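A quick write-up on the structure given underneath.
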Protein chains: 2
Amino acid sequence: MGRLKKDDKVIVPFQPDRHDHGQCISEAIAAAETYCKKNGLSFTPLRRQVLELVWSSHGPIGAYELLDKLRVSRGNAEPPTVYRALDFFIEHGLIHRIESLNAYVGCGDPARRHGGQFLICRDCKSVAELDDIAIARAVIRRADALGFEAEQQTVEVVGRCSACSGEIKNG
Amino acid sequence: MGRLKKDDKVIVPFQPDRHDHGQCISEAIAAAETYCKKNGLSFTPLRRQVLELVWSSHGPIGAYELLDKLRVSRGNAEPPTVYRALDFFIEHGLIHRIESLNAYVGCGDPARRHGGQFLICRDCKSVAELDDIAIARAVIRRADALGFEAEQQTVEVVGRCSACSGEIKNG
DNA sequence: GGTTATATGATATATTATAACTTATAAAAA
DNA sequence: TTTTTATAAGTTATAATATATCATATAACC
């Protein structure tokens with residue numbers, strides 16, 4: 001394995017079962033609320049609820065799965081309700097859309113502007129979000145060499161996480 | 001601007017109007033046919049036609065747009081016809097799917113195995129495919145640092161191509 | 001030629017997302 | 001504080017993308 005260098009972060013690591021999930025969610029919601037307050041964005045009850053649902057899945061979740069969960073408390077919810085909330089958060093960097101899964105995940109670091117970088121385990125479906133500046137820079141460097149002004153970059157890597165590849169080796 | 005180094009390629013550059021398109025298509029089809037022959041894959045008339053249509057758009061094209069074009073000569077074509085052909089080519093690396101656009105492009109270099117790296121111009125909608133080893137390596141390095149076995153990586157960069165950003169500067 | 005595998009045709013339906021119009025709520029201006 | 005304006009949410013309908021399934025045809029193999 002390589003080593004982590006400064007400037008690199010694993011925003012959301014692979015450890016779905018090894019943390020206090022409830023605390024994880026409430027911290028994310030609090031951070032989002034703070035972020036919205038600072039930026040004059042309205043953090044409505046509906047939006048809060050949608051964000052909580054996204055975080056409580058703690059992995060990518062689809063819009064319609066989200067809608068089902070939302071309907072538990074809001075029986076009348078319809079697709080636009082969910083999509084509007086998702087769009088709002090995506091626009092402000094609080095949720096990322098994973099294109100290759102048509103699914104959504106909470107962003108662990110909304111303050112720092114970044115494109116999405118995801119490691120997606122094809123076995124356990126868990127997703128780790130990165131913020132790897134070496135990758136981002138390599139992208140910008142090449143875009144620049146072609147006179148292309150890069151505004152938003154998305155990196156989605158499919159493979160096997162350490163837990164899942166370990167399972168095969170061991171079992 | 002930076003410089004291009006060895007090992008780096010621009011597979012499909014931004015130059016939608018500056019090349020012999022007919023030749024470009026026929027070369028791609030010929031390359032695909034050769035590739036299929038070498039690998040024991042059946043390059044049927046239907047598949048050939050779908051691949052031609054993808055290449056003739058010379059930019060990302062959606063499945064249903066493709067279906068419409070296919071129906072000009074095959075009035076009975078239905079979605080599965082298009083999706084099967086697309087899936088076949090994607091599986092064998094002859095077509096890439098651009099996730100953020102739900103669209104498909106011909107791959108200019110099927111022999112060399114690679115994930116998709118795309119620069120997508122938000123103004124003129126043109127797409128350049130890269131095969132930048134520095135980017136790919138940066139991704140693999142970080143994945144490796146996390147014990148993640150990267151199998152397939154996709155990089156999609158949205159921004160403005162040189163022609164479009166030039167137009168603004170000049171006009 | 002008969003058997004098997006592969007490809008395509010055809011019908012139906014699933015999944016994901018948005019348009020457009022209405023009502024409610026909040027923020028700003030008068 | 002009423003009016004105005006902007007923003008958010010409710011509601012209905014439909015668009016856009018993709019797949020499941022079963023039937024038929026074609027190619028490859030024995």
Side-chain angles (χ1 to χ4, degrees), chain A residues 32-33 36-54 57 60-92 94-105 125 154 156, chain B residues 32-33 36-54 57 60-92 94-105 125 154 156:
Chain A
E33 187 164 17
C36 287
K37 225 166 241 172
K38 269 190 193 163
N39 293 275
L41 307 172
S42 66
F43 194 70
T44 65
L46 173 64
R47 286 173 178 168
R48 170 190 296 269
Q49 199 184 346
V50 168
L51 190 62
E52 279 170 357
L53 290 173
V54 168
S57 118
I61 184 171
Y64 279 73
E65 198 181 341
L66 213 45
L67 179 57
D68 285 344
K69 297 194 177 197
L70 193 59
R71 279 177 168 159
V72 171
S73 58
R74 294 177 184 251
N76 58 335
E78 296 292 339
T81 299
V82 162
Y83 281 105
R84 282 175 189 144
L86 287 172
D87 290 347
F88 169 83
F89 287 123
I90 289 168
E91 185 182 345
H92 297 103
L94 295 158
I95 284 181
H96 289 292
R97 173 178 161 81
I98 300 187
E99 299 290 349
S100 58
L101 301 175
N102 292 336
Y104 305 84
V105 289
K125 312 296 178 195
T154 300
E156 297 183 13
Chain B
E33 188 163 15
C36 287
K37 226 166 239 172
K38 270 190 191 161
N39 293 275
L41 307 172
S42 67
F43 193 70
T44 65
L46 173 65
R47 287 173 179 167
R48 171 191 294 271
Q49 199 184 346
V50 168
L51 190 61
E52 279 170 358
L53 289 173
V54 169
S57 118
I61 184 171
Y64 279 74
E65 200 181 339
L66 214 45
L67 179 57
D68 286 341
K69 296 194 180 200
L70 192 59
R71 278 177 169 159
V72 172
S73 58
R74 295 176 184 253
N76 56 333
E78 295 291 339
T81 299
V82 161
Y83 281 104
R84 282 173 189 146
L86 288 173
D87 290 347
F88 168 82
F89 287 123
I90 289 168
E91 186 182 344
H92 297 103
L94 295 158
I95 284 180
H96 290 293
R97 173 178 159 83
I98 300 187
E99 299 290 350
S100 58
L101 300 176
N102 293 337
Y104 305 84
V105 289
K125 311 298 177 194
T154 300
E156 298 183 12

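Within every chain, numbering begins at 1; the chains are lettered A, B, ... in the order of the sequence lines, protein sequences first and strands thereafter. Keep in mind that what you see is a predicted model, and the values were worked out from it rather than measured.
Using modelled atom types and a 3.5 Å distance limit, the side chains of B:S100 and B:E156 yield a donor-acceptor pair. A side-chain donor-acceptor contact under 3.5 Å links A:N102 and A:R97. In the model, B:T154 has no side-chain atom that pairs as donor or acceptor with a side-chain atom of B:E99 under 3.5 Å.
We find that CG of B:D68 is positioned 11 Å from P of D:dA16, with the value rounded to whole Å. What separates CZ of A:F88 from P of D:dT7 is a distance of 12 Å, to the nearest Å. Rounded to an integer number of Å, the gap from CD of B:E65 to P of D:dT17 is 9 Å. Following rounding to the nearest Å, A:R47 (CZ) and C:dA26 (C1') show an atom-to-atom distance of 12 Å. Look at CD1 on A:I61: it is 15 Å from P on C:dT15, rounded to the nearest Å. Taking atom CD of residue A:E78 and atom P of nucleotide C:dA20, one finds them 18 Å apart after rounding to whole Å. Computed from coordinates, the B:L86 CG to C:dA7 C1' distance equals 15 Å when rounded to whole Å. Going from atom CG of B:L41 over to atom P of C:dA5 covers 18 Å, rounded to whole Å.
Among D:dA18, C:dT8, C:dT18, the nucleotide with an atom closest to any side-chain atom of A:P79 is C:dT18.
Between A:Y104 and B:A77, it is B:A77 whose nearest contact on DNA chain C lies nearer the 5' terminus. Heavy-atom distances to DNA chain C give each of B:A85 and A:N102 a nearest nucleotide, and the one nearer the 5′ end belongs to B:A85.
With sequence neighbours excluded, the residues satisfying side chain to side chain contact (heavy atoms under 4.5 Å, CB included) with A:R48 are A:I29, A:E33, A:F43, A:E52.
Contact check, B:R84 against D:dA18: no side-chain N or O comes under 4.0 Å of OP1 or OP2. When the side-chain nitrogen and oxygen atoms of A:T44 are compared with OP1 and OP2 of D:dA9, one or more of them lie within a distance under 4.0 Å. Remark: B:T81 is not in phosphate contact with C:dT8, judged by side-chain N or O atoms under 4.0 Å from OP1 or OP2. In this structure, B:S42 does not reach the D:dA27 phosphate: none of its side-chain N or O atoms is under 4.0 Å from OP1 or OP2. At the phosphate of C:dG9, OP1 or OP2 sits under 4.0 Å from a side-chain N or O atom of B:R74. Within the structure, a side-chain polar atom (N or O) of A:Y83 is placed less than 4.0 Å from OP1 or OP2 of C:dA17. For the pair B:R97 and D:dA18, the criterion of a side-chain N or O lying under 4.0 Å from OP1 or OP2 is met.
Remark: ring of A:Y64 stacked against base of C:dT16; centroid gap under 5.5 Å, plane tilt under 30°.
Proximity of A:T81 to A:L46: side-chain heavy atoms (C-beta onward) are separated by under 4.5 Å at one or more points.
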